[in-house]
Enquirer: 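My structure is below; once you've seen it, I'll send some questions.
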Amino acid sequence: MEMDVEGVDQISSLPDALLSRIISHLGISESIRTSILSRRWKNIWKSSSCLHFDTNFLTKSRIDIYERGASFRNYDRKRLYDEISRATGLVERVIDSHETKLVFCSISHIEDNLKSGLVERLIKNLKEKKLIEELSLVCEKLFVSDRFQCNLPPGIFFCRTLHVLELKGYRLKDASPFESCRNLVTLRLDSVNLDDKTLSRVILNCMFLEDLCLCSCTGLKKIEIHDKKLKSLKLNDLDLEGVDIEAEGLSILVLNSVSCSVNMKINTPTLLEFGFCSDGGRLQKSTQIYSRIIDLLERCCGLLLHTLSISLALDSQMEQHILDHIFRLCTHLQKLCISIPPNNTGPSDWELPYPTFMFWEKRELHDSITHSLKLVKIKGFCGKEEEIVFAKHLIRKAPMLRRFVVECGENCSETGARETLGLSLEPRASVNLSIVLKPEMLAEEFQCPQIDNATQLRSAVFFASYEHSHNM
(Lines give C-alpha, C1' and ligand atoms only; values in the text may rest on other atoms or scores of the structure.)
Protein backbone atom coordinates (compact mmCIF):
# COMPACT_ATOMS: atom_id res chain seq x y z
CA MET A 1 0.00 0.00 0.00
CA GLU A 2 1.50 3.36 -1.02
CA MET A 3 1.80 5.96 1.71
CA ASP A 4 2.52 9.68 1.40
CA VAL A 5 5.02 11.54 3.57
CA GLU A 6 2.44 11.92 6.36
CA GLY A 7 1.61 8.20 6.39
CA VAL A 8 -1.83 8.57 4.78
CA ASP A 9 -3.15 5.61 2.77
CA GLN A 10 -3.89 7.33 -0.55
CA ILE A 11 -5.36 4.27 -2.29
CA SER A 12 -8.01 3.70 0.39
CA SER A 13 -9.05 7.33 0.07
CA LEU A 14 -10.34 6.64 -3.44
CA PRO A 15 -14.11 6.22 -3.88
CA ASP A 16 -15.55 2.70 -3.71
CA ALA A 17 -16.54 2.73 -7.38
CA LEU A 18 -12.96 3.39 -8.46
CA LEU A 19 -11.54 0.80 -6.07
CA SER A 20 -14.00 -1.76 -7.40
CA ARG A 21 -12.89 -0.98 -10.93
CA ILE A 22 -9.23 -1.48 -9.98
CA ILE A 23 -9.97 -4.79 -8.27
CA SER A 24 -11.88 -6.00 -11.34
CA HIS A 25 -8.54 -6.31 -13.18
CA LEU A 26 -7.20 -8.82 -10.62
CA GLY A 27 -7.59 -12.59 -10.53
CA ILE A 28 -10.22 -13.84 -8.10
CA SER A 29 -7.64 -14.93 -5.49
CA GLU A 30 -6.04 -11.49 -5.37
CA SER A 31 -9.46 -9.79 -5.39
CA ILE A 32 -10.67 -11.68 -2.32
CA ARG A 33 -7.37 -11.13 -0.50
CA THR A 34 -7.94 -7.37 -0.60
CA SER A 35 -10.75 -7.90 1.93
CA ILE A 36 -8.18 -8.32 4.73
CA LEU A 37 -6.58 -4.91 4.16
CA SER A 38 -9.12 -3.05 6.30
CA ARG A 39 -12.75 -3.03 7.34
CA ARG A 40 -13.58 -0.74 4.42
CA TRP A 41 -12.02 -3.14 1.92
CA LYS A 42 -13.89 -6.19 3.24
CA ASN A 43 -16.75 -6.19 0.73
CA ILE A 44 -15.43 -4.05 -2.11
CA TRP A 45 -14.56 -7.09 -4.25
CA LYS A 46 -18.24 -8.12 -4.11
CA SER A 47 -19.17 -5.11 -6.25
CA SER A 48 -16.47 -5.69 -8.86
CA SER A 49 -17.76 -5.64 -12.44
CA CYS A 50 -15.36 -8.44 -13.54
CA LEU A 51 -14.44 -11.80 -12.03
CA HIS A 52 -11.46 -13.80 -13.33
CA PHE A 53 -11.29 -17.42 -12.18
CA ASP A 54 -7.92 -18.08 -13.78
CA THR A 55 -6.14 -21.37 -14.39
CA ASN A 56 -3.72 -20.92 -11.49
CA PHE A 57 -6.62 -20.60 -9.07
CA LEU A 58 -8.03 -23.95 -10.18
CA THR A 59 -4.96 -26.04 -10.96
CA LYS A 60 -2.43 -25.33 -8.22
CA SER A 61 -2.79 -28.92 -6.98
CA ARG A 62 -2.03 -30.21 -10.48
CA ILE A 63 1.25 -28.30 -10.50
CA ASP A 64 2.13 -29.57 -7.02
CA ILE A 65 1.64 -33.20 -8.09
CA TYR A 66 3.54 -32.79 -11.36
CA GLU A 67 6.52 -31.39 -9.45
CA ARG A 68 6.79 -34.67 -7.53
CA GLY A 69 8.01 -36.34 -10.71
CA ALA A 70 8.14 -40.10 -11.08
CA SER A 71 5.85 -40.86 -8.11
CA PHE A 72 2.78 -39.99 -10.21
CA ARG A 73 0.30 -42.93 -10.31
CA ASN A 74 -3.35 -43.57 -11.17
CA TYR A 75 -4.49 -42.84 -7.62
CA ASP A 76 -2.77 -39.45 -7.95
CA ARG A 77 -4.79 -38.81 -11.09
CA LYS A 78 -8.06 -39.47 -9.29
CA ARG A 79 -7.01 -37.31 -6.36
CA LEU A 80 -6.01 -34.57 -8.80
CA TYR A 81 -9.48 -34.56 -10.34
CA ASP A 82 -11.07 -34.49 -6.89
CA GLU A 83 -8.94 -31.58 -5.73
CA ILE A 84 -9.55 -29.51 -8.86
CA SER A 85 -13.28 -30.28 -8.71
CA ARG A 86 -13.37 -28.98 -5.15
CA ALA A 87 -11.46 -25.88 -6.21
CA THR A 88 -13.88 -25.29 -9.06
CA GLY A 89 -16.75 -25.64 -6.60
CA LEU A 90 -15.46 -22.51 -4.90
CA VAL A 91 -16.38 -20.59 -8.03
CA GLU A 92 -20.07 -21.22 -7.34
CA ARG A 93 -19.79 -19.95 -3.78
CA VAL A 94 -17.83 -16.87 -4.81
CA ILE A 95 -20.40 -15.95 -7.48
CA ASP A 96 -23.22 -16.42 -4.95
CA SER A 97 -21.40 -14.04 -2.59
CA HIS A 98 -21.00 -11.39 -5.27
CA GLU A 99 -23.58 -8.64 -4.77
CA THR A 100 -23.96 -6.72 -8.05
CA LYS A 101 -24.38 -7.40 -11.77
CA LEU A 102 -21.34 -8.64 -13.70
CA VAL A 103 -20.07 -7.20 -16.94
CA PHE A 104 -17.43 -9.91 -17.50
CA CYS A 105 -16.63 -13.31 -16.03
CA SER A 106 -13.99 -15.86 -17.07
CA ILE A 107 -14.00 -19.40 -15.71
CA SER A 108 -11.55 -22.28 -16.18
CA HIS A 109 -12.85 -25.76 -15.44
CA ILE A 110 -12.29 -29.46 -16.17
CA GLU A 111 -14.46 -32.05 -17.94
CA ASP A 112 -15.89 -33.38 -14.70
CA ASN A 113 -17.50 -29.98 -14.06
CA LEU A 114 -19.51 -30.44 -17.25
CA LYS A 115 -20.62 -33.94 -16.27
CA SER A 116 -21.58 -32.88 -12.76
CA GLY A 117 -23.71 -29.99 -14.02
CA LEU A 118 -21.62 -27.33 -12.28
CA VAL A 119 -20.90 -25.39 -15.47
CA GLU A 120 -24.59 -25.39 -16.37
CA ARG A 121 -25.51 -24.04 -12.91
CA LEU A 122 -22.84 -21.35 -13.15
CA ILE A 123 -24.06 -20.18 -16.54
CA LYS A 124 -27.68 -20.01 -15.38
CA ASN A 125 -26.65 -18.08 -12.26
CA LEU A 126 -24.62 -15.62 -14.32
CA LYS A 127 -27.50 -15.13 -16.77
CA GLU A 128 -30.41 -14.86 -14.35
CA LYS A 129 -28.90 -13.21 -11.27
CA LYS A 130 -25.79 -11.38 -12.49
CA LEU A 131 -27.08 -10.25 -15.90
CA ILE A 132 -23.73 -11.19 -17.42
CA GLU A 133 -22.66 -9.31 -20.58
CA GLU A 134 -19.38 -11.05 -21.48
CA LEU A 135 -18.53 -14.68 -20.65
CA SER A 136 -15.36 -16.72 -21.22
CA LEU A 137 -15.32 -20.49 -20.55
CA VAL A 138 -12.10 -22.53 -20.73
CA CYS A 139 -12.18 -26.31 -20.53
CA GLU A 140 -8.78 -27.35 -19.19
CA LYS A 141 -7.12 -30.43 -20.66
CA LEU A 142 -5.24 -32.21 -17.88
CA PHE A 143 -4.13 -35.31 -19.77
CA VAL A 144 -3.44 -36.07 -23.43
CA SER A 145 -6.09 -38.78 -23.47
CA ASP A 146 -8.84 -36.45 -22.29
CA ARG A 147 -11.49 -35.71 -24.92
CA PHE A 148 -13.94 -33.06 -23.78
CA GLN A 149 -17.40 -32.94 -25.30
CA CYS A 150 -19.86 -30.20 -24.52
CA ASN A 151 -23.03 -31.67 -23.03
CA LEU A 152 -24.65 -28.36 -22.17
CA PRO A 153 -28.43 -28.26 -22.68
CA PRO A 154 -30.10 -26.59 -25.69
CA GLY A 155 -30.37 -22.81 -25.49
CA ILE A 156 -28.00 -22.49 -22.52
CA PHE A 157 -26.30 -19.45 -24.09
CA PHE A 158 -29.57 -17.67 -24.82
CA CYS A 159 -29.56 -14.59 -22.62
CA ARG A 160 -31.00 -11.11 -22.99
CA THR A 161 -27.85 -9.43 -21.66
CA LEU A 162 -25.09 -11.74 -23.00
CA HIS A 163 -23.38 -10.09 -25.96
CA VAL A 164 -19.86 -11.60 -25.96
CA LEU A 165 -19.01 -15.31 -25.59
CA GLU A 166 -15.66 -17.12 -25.75
CA LEU A 167 -15.26 -20.91 -25.62
CA LYS A 168 -11.88 -22.60 -25.43
CA GLY A 169 -10.99 -26.30 -25.35
CA TYR A 170 -14.54 -27.59 -25.96
CA ARG A 171 -15.83 -30.34 -28.28
CA LEU A 172 -19.19 -29.26 -29.72
CA LYS A 173 -21.23 -32.23 -30.90
CA ASP A 174 -23.96 -29.93 -32.24
CA ALA A 175 -25.16 -26.32 -32.16
CA SER A 176 -27.99 -26.85 -29.66
CA PRO A 177 -26.41 -24.74 -26.84
CA PHE A 178 -26.66 -21.74 -29.20
CA GLU A 179 -30.36 -22.05 -29.97
CA SER A 180 -32.11 -18.65 -30.11
CA CYS A 181 -28.91 -16.69 -29.34
CA ARG A 182 -30.42 -13.55 -30.83
CA ASN A 183 -28.49 -11.11 -28.65
CA LEU A 184 -25.02 -12.55 -29.14
CA VAL A 185 -22.85 -10.04 -31.02
CA THR A 186 -19.33 -11.47 -30.58
CA LEU A 187 -18.33 -15.16 -30.63
CA ARG A 188 -14.78 -16.47 -30.22
CA LEU A 189 -14.02 -20.19 -30.56
CA ASP A 190 -10.47 -21.11 -29.57
CA SER A 191 -9.15 -24.70 -29.84
CA VAL A 192 -12.74 -25.92 -30.23
CA ASN A 193 -13.53 -29.17 -32.05
CA LEU A 194 -16.60 -28.94 -34.30
CA ASP A 195 -17.64 -29.93 -37.81
CA ASP A 196 -18.77 -27.79 -40.73
CA LYS A 197 -22.48 -28.39 -40.12
CA THR A 198 -22.23 -27.40 -36.46
CA LEU A 199 -20.44 -24.15 -37.30
CA SER A 200 -23.06 -23.27 -39.92
CA ARG A 201 -25.87 -23.92 -37.44
CA VAL A 202 -24.16 -21.87 -34.75
CA ILE A 203 -23.89 -18.88 -37.12
CA LEU A 204 -27.51 -19.36 -38.20
CA ASN A 205 -28.70 -19.44 -34.57
CA CYS A 206 -26.75 -16.28 -33.70
CA MET A 207 -28.79 -14.23 -36.13
CA PHE A 208 -27.32 -10.83 -35.15
CA LEU A 209 -23.70 -11.94 -34.90
CA GLU A 210 -21.26 -9.19 -35.97
CA ASP A 211 -17.86 -10.45 -34.81
CA LEU A 212 -16.65 -14.05 -35.32
CA CYS A 213 -13.19 -15.40 -34.48
CA LEU A 214 -12.06 -19.00 -35.08
CA CYS A 215 -8.61 -19.85 -33.71
CA SER A 216 -6.87 -23.27 -33.83
CA CYS A 217 -10.20 -25.06 -34.25
CA THR A 218 -10.20 -28.69 -35.40
CA GLY A 219 -12.74 -30.82 -37.29
CA LEU A 220 -13.51 -28.14 -39.89
CA LYS A 221 -12.99 -28.92 -43.57
CA LYS A 222 -14.70 -26.11 -45.43
CA ILE A 223 -15.83 -22.83 -43.91
CA GLU A 224 -18.95 -21.47 -45.61
CA ILE A 225 -20.21 -18.13 -44.33
CA HIS A 226 -23.04 -16.35 -46.16
CA ASP A 227 -24.10 -13.56 -43.84
CA LYS A 228 -25.06 -9.95 -44.53
CA LYS A 229 -24.75 -8.78 -40.90
CA LEU A 230 -21.23 -10.05 -40.08
CA LYS A 231 -18.78 -7.14 -39.77
CA SER A 232 -15.58 -8.79 -38.53
CA LEU A 233 -14.18 -12.26 -39.33
CA LYS A 234 -10.85 -13.53 -38.01
CA LEU A 235 -9.51 -16.96 -38.96
CA ASN A 236 -6.30 -18.01 -37.20
CA ASP A 237 -4.24 -21.20 -37.48
CA LEU A 238 -6.71 -23.32 -39.46
CA ASP A 239 -6.04 -26.21 -41.86
CA LEU A 240 -8.91 -26.25 -44.36
CA GLU A 241 -9.89 -27.69 -47.72
CA GLY A 242 -11.94 -24.69 -48.75
CA VAL A 243 -13.14 -21.21 -47.77
CA ASP A 244 -16.37 -19.68 -49.12
CA ILE A 245 -17.18 -16.26 -47.65
CA GLU A 246 -20.05 -14.14 -48.96
CA ALA A 247 -20.45 -11.22 -46.55
CA GLU A 248 -21.71 -7.95 -47.98
CA GLY A 249 -21.30 -6.05 -44.72
CA LEU A 250 -17.88 -7.39 -43.73
CA SER A 251 -15.43 -4.57 -42.95
CA ILE A 252 -12.64 -6.53 -41.18
CA LEU A 253 -11.10 -9.79 -42.47
CA VAL A 254 -8.02 -11.49 -40.98
CA LEU A 255 -6.47 -14.68 -42.37
CA ASN A 256 -3.51 -15.71 -40.23
CA SER A 257 -1.83 -19.07 -40.91
CA VAL A 258 -4.86 -20.36 -42.79
CA SER A 259 -4.05 -23.26 -45.09
CA CYS A 260 -6.59 -23.69 -47.87
CA SER A 261 -5.66 -26.63 -50.11
CA VAL A 262 -8.52 -26.56 -52.64
CA ASN A 263 -10.58 -23.43 -53.09
CA MET A 264 -10.72 -19.96 -51.60
CA LYS A 265 -13.74 -17.87 -52.59
CA ILE A 266 -14.17 -14.53 -50.85
CA ASN A 267 -16.64 -11.77 -51.73
CA THR A 268 -16.54 -8.84 -49.30
CA PRO A 269 -17.25 -5.64 -51.25
CA THR A 270 -17.15 -3.28 -48.24
CA LEU A 271 -13.85 -4.47 -46.74
CA LEU A 272 -11.95 -1.74 -44.86
CA GLU A 273 -9.30 -3.72 -42.94
CA PHE A 274 -7.51 -6.82 -44.19
CA GLY A 275 -4.82 -8.93 -42.53
CA PHE A 276 -2.92 -11.86 -44.02
CA CYS A 277 0.00 -13.71 -42.49
CA SER A 278 1.56 -17.11 -43.18
CA ASP A 279 3.45 -18.95 -40.45
CA GLY A 280 6.47 -19.93 -42.55
CA GLY A 281 6.12 -23.53 -41.37
CA ARG A 282 2.98 -25.57 -41.97
CA LEU A 283 1.79 -23.00 -44.49
CA GLN A 284 4.40 -22.25 -47.12
CA LYS A 285 4.04 -19.03 -49.06
CA SER A 286 3.64 -19.39 -52.79
CA THR A 287 2.76 -17.40 -55.88
CA GLN A 288 -0.65 -19.14 -55.89
CA ILE A 289 -1.49 -18.01 -52.35
CA TYR A 290 -0.58 -14.41 -53.06
CA SER A 291 -2.44 -14.44 -56.39
CA ARG A 292 -5.56 -15.19 -54.35
CA ILE A 293 -4.82 -12.27 -52.04
CA ILE A 294 -4.28 -9.91 -54.98
CA ASP A 295 -7.48 -11.18 -56.56
CA LEU A 296 -9.32 -10.49 -53.29
CA LEU A 297 -7.95 -6.94 -53.18
CA GLU A 298 -8.91 -6.32 -56.79
CA ARG A 299 -12.47 -7.56 -56.35
CA CYS A 300 -13.31 -6.44 -52.84
CA CYS A 301 -11.22 -3.49 -51.77
CA GLY A 302 -10.02 -0.89 -54.24
CA LEU A 303 -10.82 2.55 -52.88
CA LEU A 304 -12.33 1.31 -49.61
CA LEU A 305 -9.43 -0.48 -47.90
CA HIS A 306 -7.59 1.75 -45.42
CA THR A 307 -5.81 -0.77 -43.16
CA LEU A 308 -3.64 -3.70 -44.29
CA SER A 309 -1.54 -6.18 -42.28
CA ILE A 310 0.47 -8.69 -44.29
CA SER A 311 3.43 -11.05 -44.04
CA LEU A 312 6.10 -10.25 -46.64
CA ALA A 313 9.84 -10.70 -47.12
CA LEU A 314 11.06 -7.32 -48.31
CA ASP A 315 14.19 -8.80 -49.92
CA SER A 316 12.14 -11.14 -52.11
CA GLN A 317 11.69 -9.94 -55.67
CA MET A 318 8.29 -11.62 -55.99
CA GLU A 319 7.01 -10.10 -52.76
CA GLN A 320 8.33 -6.67 -53.66
CA HIS A 321 6.16 -6.88 -56.79
CA ILE A 322 3.19 -7.96 -54.65
CA LEU A 323 3.65 -4.98 -52.31
CA ASP A 324 3.92 -2.61 -55.27
CA HIS A 325 0.71 -4.15 -56.64
CA ILE A 326 -0.97 -3.50 -53.28
CA PHE A 327 0.08 0.16 -53.34
CA ARG A 328 -1.45 0.47 -56.81
CA LEU A 329 -4.74 -1.25 -55.92
CA CYS A 330 -5.41 0.22 -52.47
CA THR A 331 -5.51 3.89 -53.41
CA HIS A 332 -6.80 5.03 -49.99
CA LEU A 333 -4.45 2.94 -47.84
CA GLN A 334 -3.74 4.73 -44.54
CA LYS A 335 -2.25 2.08 -42.24
CA LEU A 336 0.23 -0.60 -43.32
CA CYS A 337 1.74 -3.27 -41.07
CA ILE A 338 4.33 -5.65 -42.55
CA SER A 339 5.61 -8.72 -40.68
CA ILE A 340 8.87 -10.06 -42.06
CA PRO A 341 9.07 -13.88 -41.63
CA PRO A 342 11.86 -14.84 -39.19
CA ASN A 343 12.98 -17.81 -41.32
CA ASN A 344 13.10 -15.93 -44.59
CA THR A 345 15.68 -17.51 -46.91
CA GLY A 346 16.07 -14.43 -49.09
CA PRO A 347 15.37 -13.72 -52.75
CA SER A 348 15.40 -16.73 -55.05
CA ASP A 349 12.39 -16.18 -57.27
CA TRP A 350 12.28 -13.70 -60.14
CA GLU A 351 14.99 -12.28 -62.36
CA LEU A 352 15.25 -8.49 -62.69
CA PRO A 353 17.26 -6.49 -65.25
CA TYR A 354 18.70 -4.47 -62.36
CA PRO A 355 19.84 -5.18 -58.76
CA THR A 356 17.04 -5.87 -56.26
CA PHE A 357 17.96 -2.84 -54.12
CA MET A 358 16.97 -0.61 -57.09
CA PHE A 359 13.43 -2.02 -57.23
CA TRP A 360 11.64 0.88 -55.51
CA GLU A 361 13.68 3.45 -57.40
CA LYS A 362 12.25 2.02 -60.64
CA ARG A 363 8.63 1.95 -59.42
CA GLU A 364 5.93 4.46 -60.26
CA LEU A 365 4.71 6.44 -57.26
CA HIS A 366 1.11 5.44 -56.52
CA ASP A 367 -1.60 7.58 -54.92
CA SER A 368 -1.57 5.46 -51.77
CA ILE A 369 2.00 6.62 -51.06
CA THR A 370 1.70 10.23 -52.19
CA HIS A 371 -1.80 11.02 -50.84
CA SER A 372 -3.05 8.69 -48.12
CA LEU A 373 -0.41 6.63 -46.27
CA LYS A 374 -0.15 7.84 -42.64
CA LEU A 375 1.07 4.95 -40.46
CA VAL A 376 3.62 2.23 -41.26
CA LYS A 377 4.87 -0.51 -38.97
CA ILE A 378 7.45 -3.15 -39.92
CA LYS A 379 8.08 -6.11 -37.60
CA GLY A 380 11.03 -8.50 -37.80
CA PHE A 381 13.29 -5.90 -39.46
CA CYS A 382 16.88 -7.15 -39.95
CA GLY A 383 18.45 -4.16 -41.64
CA LYS A 384 19.03 -5.96 -44.95
CA GLU A 385 19.81 -3.76 -47.92
CA GLU A 386 16.40 -4.21 -49.56
CA GLU A 387 14.62 -3.54 -46.25
CA ILE A 388 16.59 -0.34 -45.69
CA VAL A 389 15.93 0.85 -49.25
CA PHE A 390 12.17 0.27 -48.88
CA ALA A 391 12.06 2.14 -45.56
CA LYS A 392 13.98 5.07 -47.05
CA HIS A 393 11.63 5.08 -50.05
CA LEU A 394 8.58 5.65 -47.86
CA ILE A 395 10.30 8.18 -45.59
CA ARG A 396 11.40 10.24 -48.60
CA LYS A 397 8.29 9.88 -50.79
CA ALA A 398 5.22 9.80 -48.47
CA PRO A 399 4.27 13.41 -47.56
CA MET A 400 1.24 12.38 -45.45
CA LEU A 401 3.20 9.89 -43.33
CA ARG A 402 2.93 10.66 -39.60
CA ARG A 403 4.45 7.65 -37.90
CA PHE A 404 6.97 5.03 -39.01
CA VAL A 405 7.70 2.19 -36.56
CA VAL A 406 10.53 -0.30 -37.12
CA GLU A 407 10.76 -3.32 -34.79
CA CYS A 408 14.04 -5.21 -35.19
CA GLY A 409 13.89 -9.01 -35.29
CA GLU A 410 16.04 -11.43 -33.33
CA ASN A 411 18.17 -12.09 -36.41
CA CYS A 412 19.18 -8.47 -36.77
CA SER A 413 22.98 -8.27 -37.04
CA GLU A 414 25.20 -5.48 -35.72
CA THR A 415 25.60 -4.15 -39.25
CA GLY A 416 21.84 -4.29 -39.79
CA ALA A 417 21.25 -2.48 -36.52
CA ARG A 418 23.64 0.30 -37.51
CA GLU A 419 21.86 0.71 -40.85
CA THR A 420 18.49 0.74 -39.11
CA LEU A 421 19.63 3.41 -36.68
CA GLY A 422 20.54 5.61 -39.63
CA LEU A 423 16.87 5.76 -40.75
CA SER A 424 16.23 8.44 -38.13
CA LEU A 425 18.57 10.76 -40.04
CA GLU A 426 16.90 10.40 -43.45
CA PRO A 427 15.40 13.47 -45.15
CA ARG A 428 11.62 13.32 -44.90
CA ALA A 429 8.78 14.19 -47.20
CA SER A 430 6.56 14.86 -44.18
CA VAL A 431 7.55 17.53 -41.66
CA ASN A 432 5.32 15.84 -39.04
CA LEU A 433 6.84 12.37 -39.36
CA SER A 434 7.88 10.53 -36.18
CA ILE A 435 10.30 7.64 -36.70
CA VAL A 436 10.34 5.05 -33.91
CA LEU A 437 13.06 2.40 -33.80
CA LYS A 438 12.79 -0.63 -31.53
CA PRO A 439 14.40 -1.96 -29.44
CA GLU A 440 15.89 1.10 -27.76
CA MET A 441 19.10 -0.86 -27.16
CA LEU A 442 20.00 0.06 -30.75
CA ALA A 443 20.90 3.53 -29.55
CA GLU A 444 23.23 2.18 -26.85
CA GLU A 445 24.89 -0.86 -28.40
CA PHE A 446 25.22 0.14 -32.06
CA GLN A 447 25.55 3.91 -32.06
CA CYS A 448 27.89 5.10 -34.80
CA PRO A 449 30.96 6.92 -33.36
CA GLN A 450 31.08 9.51 -36.15
CA ILE A 451 27.62 10.92 -35.31
CA ASP A 452 27.90 14.34 -33.64
CA ASN A 453 26.24 15.34 -30.37
CA ALA A 454 23.31 17.12 -32.03
CA THR A 455 22.52 14.05 -34.13
CA GLN A 456 22.78 11.77 -31.09
CA LEU A 457 20.32 13.97 -29.23
CA ARG A 458 17.93 13.87 -32.19
CA SER A 459 18.07 10.08 -32.31
CA ALA A 460 17.52 9.83 -28.56
CA VAL A 461 14.36 11.92 -28.90
CA PHE A 462 13.00 9.45 -31.47
CA PHE A 463 13.70 6.49 -29.16
CA ALA A 464 12.17 8.20 -26.14
CA SER A 465 9.05 9.21 -28.09
CA TYR A 466 8.01 5.56 -28.29
CA GLU A 467 7.29 5.35 -24.58
CA HIS A 468 4.86 8.26 -24.77
CA SER A 469 2.94 7.38 -27.89
CA HIS A 470 0.22 4.86 -28.79
CA ASN A 471 0.85 1.64 -30.66
CA MET A 472 -0.11 1.59 -34.28
Side-chain angles (χ1 to χ4, degrees), residues 163-167 175 178 181-190 192 194 196-217 220-260 262-278 283 289-311 322 325-326 329-337 339 368 372 375 472:
H163 303 307
V164 179
L165 175 64
E166 177 181 9
L167 297 181
F178 293 87
C181 283
R182 291 185 292 270
N183 296 317
L184 202 62
V185 176
T186 299
L187 176 62
R188 304 185 188 101
L189 302 180
D190 187 349
V192 170
L194 72 168
D196 300 347
K197 182 180 178 180
T198 298
L199 176 62
S200 296
R201 292 297 303 177
V202 168
I203 297 174
L204 186 63
N205 287 335
C206 304
M207 55 189 70
F208 293 107
L209 192 66
E210 296 181 0
D211 183 359
L212 175 63
C213 178
L214 304 176
C215 180
S216 302
C217 292
L220 296 172
K221 294 183 178 180
K222 182 178 181 180
I223 291 181
E224 293 189 57
I225 298 177
H226 296 180
D227 195 309
K228 296 181 179 181
K229 294 174 289 298
L230 199 64
K231 296 180 179 179
S232 174
L233 176 62
K234 298 177 182 178
L235 306 179
N236 300 321
D237 193 21
L238 300 177
D239 192 356
L240 305 169
E241 294 179 1
V243 174
D244 184 357
I245 300 172
E246 186 84 22
E248 296 178 6
L250 198 69
S251 59
I252 301 174
L253 175 62
V254 176
L255 305 175
N256 283 342
S257 299
V258 176
S259 174
C260 182
V262 180
N263 183 41
M264 180 182 289
K265 179 183 177 183
I266 300 176
N267 183 20
T268 54
T270 59
L271 202 62
L272 297 176
E273 300 182 21
F274 176 63
F276 171 78
C277 180
S278 63
L283 176 60
I289 292 174
Y290 278 119
S291 67
R292 294 172 181 170
I293 300 303
I294 295 299
D295 179 61
L296 169 66
L297 295 176
E298 287 179 334
R299 289 185 294 104
C300 303
C301 305
L303 298 177
L304 294 176
L305 192 76
H306 63 64
T307 301
L308 176 67
S309 299
I310 193 165
S311 172
I322 291 168
H325 205 56
I326 288 171
L329 289 174
C330 305
T331 55
H332 280 46
L333 187 65
Q334 297 180 23
K335 301 178 183 179
L336 174 65
C337 180
S339 297
S368 55
S372 63
L375 299 172
M472 176 178 167

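Just so it is clear, the structure is predicted and the values come from calculations on it, not from any experiment. Each residue takes its place number in the sequence, starting with 1.
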Enquirer: Identify the heavy atoms of N205 and F178 that sit nearest to each other, and give their distance.
Expert: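 Minimum heavy-atom separation between N205 and F178: CB-O, 3.1 Å.
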
Enquirer: Please report the closest heavy-atom contact between V258 and L240, naming both atoms and the distance.
Expert: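 Reported closest heavy-atom pair: CG1-CD1, 4.1 Å.
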
Enquirer: Can you tell me how far the CG atom of D244 sits from the NZ atom of K265, to the nearest 0.5 Å?
Expert: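 Atom-to-atom, D244:CG and K265:NZ are 5.0 Å apart.
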
Enquirer: Measuring from atom CG of L255 to atom OG of S311, what distance do you get when rounded to the nearest 0.5 angstrom?
Expert: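 If we round to the nearest 0.5 Å, L255:CG and S311:OG are 12.5 Å apart.
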
Enquirer: Below 4.5 Å, heavy atoms only, C-beta onward: do I225 and L212 meet side chain to side chain?
Expert: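 Sidechains of L212 and I225: in contact.
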
Enquirer: How about K221: does its NZ atom have over 12 heavy atoms from other parts shown lying under 6.0 Å from it?
Expert: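 Counting other residues, nucleotides and ligands, NZ of K221 stays at 12 neighbours or fewer.
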
Enquirer: Taking atom SG of C206 and atom CG of L187, what is their separation to the nearest 0.5 Å?
Expert: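 Reported value, rounded in 0.5 Å steps: 6.0 Å.
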
Enquirer: Show the nearest heavy-atom pair for residues R201 and A175, with the distance to one decimal.
Expert: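 The pair with the smallest heavy-atom distance is CB-CB, 3.5 Å.
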
Enquirer: If we check side-chain contact (heavy atoms from CB on, under 4.5 Å) with L214, which of these qualifies: N236, L199, L233?
Expert: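 Of the listed residues N236, L199, L233, the side-chain contact (heavy atoms from CB on, under 4.5 Å) partner of L214 is L199.
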
Enquirer: Evaluate the side-chain proximity of L194 to C217: yes if any heavy-atom separation is below 4.5 Å, no if none is.
Expert: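 They are in contact (side-chain heavy atoms under 4.5 Å apart), so the answer is yes.
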
Enquirer: Do the side chains of L375 and L336 get nearer than 4.5 Å, heavy atoms only?
Expert: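 Contact flag for L336/L375 side chains = no.
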
Enquirer: Identify the two heavy atoms, one from N267 and one from E246, that lie closest to each other, and give their separation to 0.1 Å.
Expert: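 Result for this residue pair: ND2-OE2, 2.7 Å.
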
Enquirer: Kindly indicate whether the side chain of E166, heavy atoms from C-beta on, has any atom under 4.5 Å from the side chain of L189.
Expert: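 No - every pair of side-chain heavy atoms lies 4.5 Å or more apart.
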
Enquirer: Got L308 and I326 here, is their nearest side-chain heavy-atom distance under 4.5 Å?
Expert: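 L308 vs I326: side chains touch.
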
Enquirer: Quick one: does T307's side chain get under 4.5 Å of F274's, heavy atoms only?
Expert: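 T307 vs F274: side chains apart.
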
Enquirer: Which value, rounded to the nearest 0.5 Å, describes the distance between L250 atom CG and T268 atom OG1?
Expert: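 Between L250 CG and T268 OG1, I get 5.5 Å after rounding to 0.5 Å.
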
Enquirer: For the CG atom of D227 and the CG atom of L204, what is their distance to the nearest 0.5 Å?
Expert: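 Spacing of CG (D227) from CG (L204) equals 9.0 Å.
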
Enquirer: Listed by chain and number, what are the salt bridge (charged side-chain N to carboxylate O under 4.0 Å, His left out) partners of E210, not counting sequence neighbours?
Expert: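 Applying salt bridge (charged side-chain N to carboxylate O under 4.0 Å, His left out) to E210 gives K231.
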
Enquirer: Under the criterion side-chain hydrogen bond (donor to acceptor under 3.5 Å, both in side chains), I'd like the reasoning laid out for S257 against D237: C-alpha separation, chi angles, the key distance, then a yes or no.
Expert: CA-CA 5 Å; S257 299; D237 193 21; 5.4 Å; no

Enquirer: Evaluate side-chain contact (heavy atoms from CB on, under 4.5 Å) for R188 paired with V164, printing each intermediate quantity in order.
Expert: CA-CA 8 Å; R188 304 185 188 101; V164 179; 3.6 Å; yes

Enquirer: First locate atom CG of N183, then atom CZ of F208, and finally report the distance between them rounded to the nearest 0.5 Å.
Expert: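 If I round to the nearest 0.5 Å, the distance is 8.5 Å.
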
Enquirer: With a 4.5 Å heavy-atom cut-off, do S368 and T331 have their side chains touching?
Expert: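 They are not in side-chain contact.
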
Enquirer: Is there a side-chain contact between L305 and L272 (heavy atoms, below 4.5 Å)?
Expert: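 No, side chains not in contact.
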
